[in-house]
Amino acid sequence: MSGKEGSGGFRKRKHDNFPHGQRREEKENANPSSALMTSFKSFQLELDTRHDKYERLVKLSRDITIESKRTIFLLHRFTSAPNGEEILKESEVKLDAVRQKIKQVAQELIGEDMYQFHRAISPGLQEYVEAVSFQYFIKTRSLISVEEINKQLIFTAEDREETTNTTSNSRDKQPHTWSLKVTPVDYLLGVADLTGELMRLCISSVGNGDIDTPFELSQFLRQIYDGFTFIGNTGPYEVSKKLYTLKQSLAKVENACYTLKVRGSEIPKHMLADVFSTKTELIDQDEGLP
């Protein structure tokens, strides 16, 4: 056994030869202007800036989600409101406010890779797609395209600067453009959530005595479901996960149409909505939904 190991059997570590106070002094005396310290400070600043931007985007996405939900709740009053045009006008005002929030997101992402911050803004964009597609369906009875949605997310502004040349115009207009594109995945997820709102629209329409809307919604939802089945399990996990919920919404609407067709003449119109609600609860229990 060597003398360094001693009787304890453990070799003394090399840095134990230096007292703790000396190591602390070396740490305090590190040159802050060295190239290594400068590099780490720049990394710290970059990471802090990126983290702060991510948090701002999360807050904006939360605001977009809240305002979009309020727009959807407003649009559900369309079937029962005496003047549906007023509801549509009010919903357009709300959606314009949402687009102003999206404009702030676009300004935050200037010069950045959007996909690095996609997780922060994705929930808000999905809810916005759901709201704008719901309004579009009420207006046109069709599905809005992702190209049409992205056209609404191109923002322009003009900054006027005074020129020093007195012979030229006193002010020059310099246009600035911001845009934010909804990704295909966010669009698909928003459309999948739309089917749940259309199912609720079907039940409320029957409660208001509208017998034609459920059959129209059934055909429309069937077309959406057929489109999603073409994607199948080859698409993103989130899309395939929402396919089950889409199928449940379609089943509830088709069940409502079946009840109208078979027993519509037997059940008073003011009781149809209660019958559909009961059947919907039974379907959820059979499928194990909460």
Side-chain angles (χ1 to χ4, degrees), residues 54 57-58 60-73 75-76 91 94-95 98-99 101-103 105-106 109 112-154 179-202 216-254 284 287 289-290:
Y54 190 93
L57 291 173
V58 169
L60 286 172
S61 178
R62 191 180 299 118
D63 294 340
I64 293 171
T65 300
I66 293 173
E67 293 301 324
S68 298
K69 285 183 179 294
R70 290 174 179 172
T71 305
I72 292 172
F73 296 152
L75 289 170
H76 274 295
S91 67
K94 287 183 173 294
L95 287 177
V98 174
R99 282 188 277 268
K101 292 288 185 180
I102 297 178
K103 178 181 178 180
V105 174
L109 293 177
E112 299 283 355
D113 183 5
M114 188 192 76
Y115 290 95
Q116 292 185 357
F117 301 92
H118 182 254
R119 182 173 294 182
I121 63 177
S122 180
L125 292 180
Q126 293 176 32
E127 201 68 33
Y128 170 74
V129 170
E130 182 181 354
V132 74
S133 59
F134 190 35
Q135 184 203 53
Y136 190 85
F137 176 81
I138 292 176
K139 287 181 177 181
T140 65
R141 288 298 191 266
S142 60
L143 181 65
I144 190 171
S145 64
V146 65
E147 291 81 12
E148 185 64 28
I149 292 177
N150 287 331
K151 285 181 182 179
Q152 300 174 1
L153 300 182
I154 299 176
S179 64
L180 182 66
K181 290 186 178 181
V182 174
T183 63
V185 174
D186 289 335
Y187 173 74
L188 291 175
L189 294 175
V191 171
D193 292 334
L194 168 68
T195 58
E197 304 303 330
L198 295 180
M199 182 270 295
R200 297 180 183 89
L201 179 64
C202 171
E216 186 177 0
L217 288 172
S218 176
Q219 184 179 2
F220 182 73
L221 288 175
R222 171 58 64 179
Q223 293 175 353
I224 293 180
Y225 178 75
D226 291 342
F228 271 84
T229 53
F230 282 111
I231 301 175
N233 296 327
T234 60
Y237 170 73
E238 296 85 357
V239 176
S240 59
K241 184 179 179 181
K242 292 205 173 187
L243 185 61
Y244 179 78
T245 306
L246 194 160
K247 185 178 180 180
Q248 295 305 310
S249 300
L250 175 61
K252 294 171 186 177
V253 174
E254 288 181 340
D284 291 343
E287 298 294 339
L289 293 178

Partner of Glu254 by side chain to side chain contact (heavy atoms under 4.5 Å, CB included), out of Cys202, Ser218, Ser249: Ser218
With side chain to side chain contact (heavy atoms under 4.5 Å, CB included) as the test, pick out the partner of Thr195 among Thr245, Val253, Ile224. Ile224
Looking at residues at least two apart in the chain, or sitting in another chain, which of them share a side chain to side chain contact (heavy atoms under 4.5 Å, CB included) with Ser68? Ile64, Val98, Glu127, Tyr128, Ala131
Side chain to side chain contact (heavy atoms under 4.5 Å, CB included) against Leu188, all qualifying residues, sequence neighbours excluded: Phe228, Ile231, Val239
Euclidean distance, [Y] [atom2] relative to [X] [atom1], rounded to 0.5 Å:
X	Y	atom1	atom2	value
Lys247	Thr229	NZ	OG1	10.5 Å
Leu57	Arg62	CG	CZ	11.5 Å
Ile121	Ile102	CD1	CD1	9.0 Å
Ser122	Met114	OG	CE	9.0 Å
Leu217	Leu250	CG	CG	11.0 Å
Thr65	Glu130	OG1	CD	10.0 Å

Apply side-chain contact (heavy atoms from CB on, under 4.5 Å) to Leu143 and Phe220, showing your working. CA-CA 9 Å; Leu143 181 65; Phe220 182 73; 3.8 Å; yes
Nearest heavy atoms of [X] and [Y], plus distance in Å:
X	Y	answer
Phe134	Leu201	CE1-CD2, 4.0 Å
Tyr187	Val146	CE1-N, 3.7 Å
Ala192	Leu246	CA-CD1, 4.4 Å
Phe137	Leu198	CD2-CD2, 3.6 Å

Is it the case that more than 12 heavy atoms not belonging to Lys241 sit under 6.0 Å from its NZ atom? no
Residues, nucleotides or ligands: over 12 heavy atoms within 6.0 Å of Glu148 CD: yes
Across all chains, not counting sequence neighbours, the salt bridge (charged side-chain N to carboxylate O under 4.0 Å, His left out) partners of Lys242 are Asp193
Sequence neighbours excluded, which residues qualify as salt bridge (charged side-chain N to carboxylate O under 4.0 Å, His left out) partners of Glu216? Arg141
Please tell me if the side chains of Arg200 and Glu197 come closer than 4.5 Å, counting only heavy atoms from C-beta onward. yes
Below 4.5 Å, heavy atoms only, C-beta onward: do Arg99 and Leu153 meet side chain to side chain? yes
Keeping the roles fixed (side chain from Ser61, backbone from Ala120), state whether a donor-acceptor pair exists under 3.5 Å. yes
Using the ring pair (Phe, Tyr, Trp, His ring centres under 6.0 Å) criterion, which residues pair with Phe117? Sequence neighbours excluded. none
Any salt bridge (charged side-chain N to carboxylate O under 4.0 Å, His left out) pairs touching residues 182-192, not counting sequence neighbours? none
Val132 and Gln152: side-chain contact (heavy atoms from CB on, under 4.5 Å), yes or no, with the steps? CA-CA 10 Å; Val132 74; Gln152 300 174 1; 3.7 Å; yes
Using a strict 4.0 Å threshold on nitrogen-to-oxygen distance, state whether Glu67 and Arg70 make a salt bridge. yes
Show your working on side-chain contact (heavy atoms from CB on, under 4.5 Å) between Tyr54 and Arg119 and close with a plain yes or no. CA-CA 9 Å; Tyr54 190 93; Arg119 182 173 294 182; 3.8 Å; yes
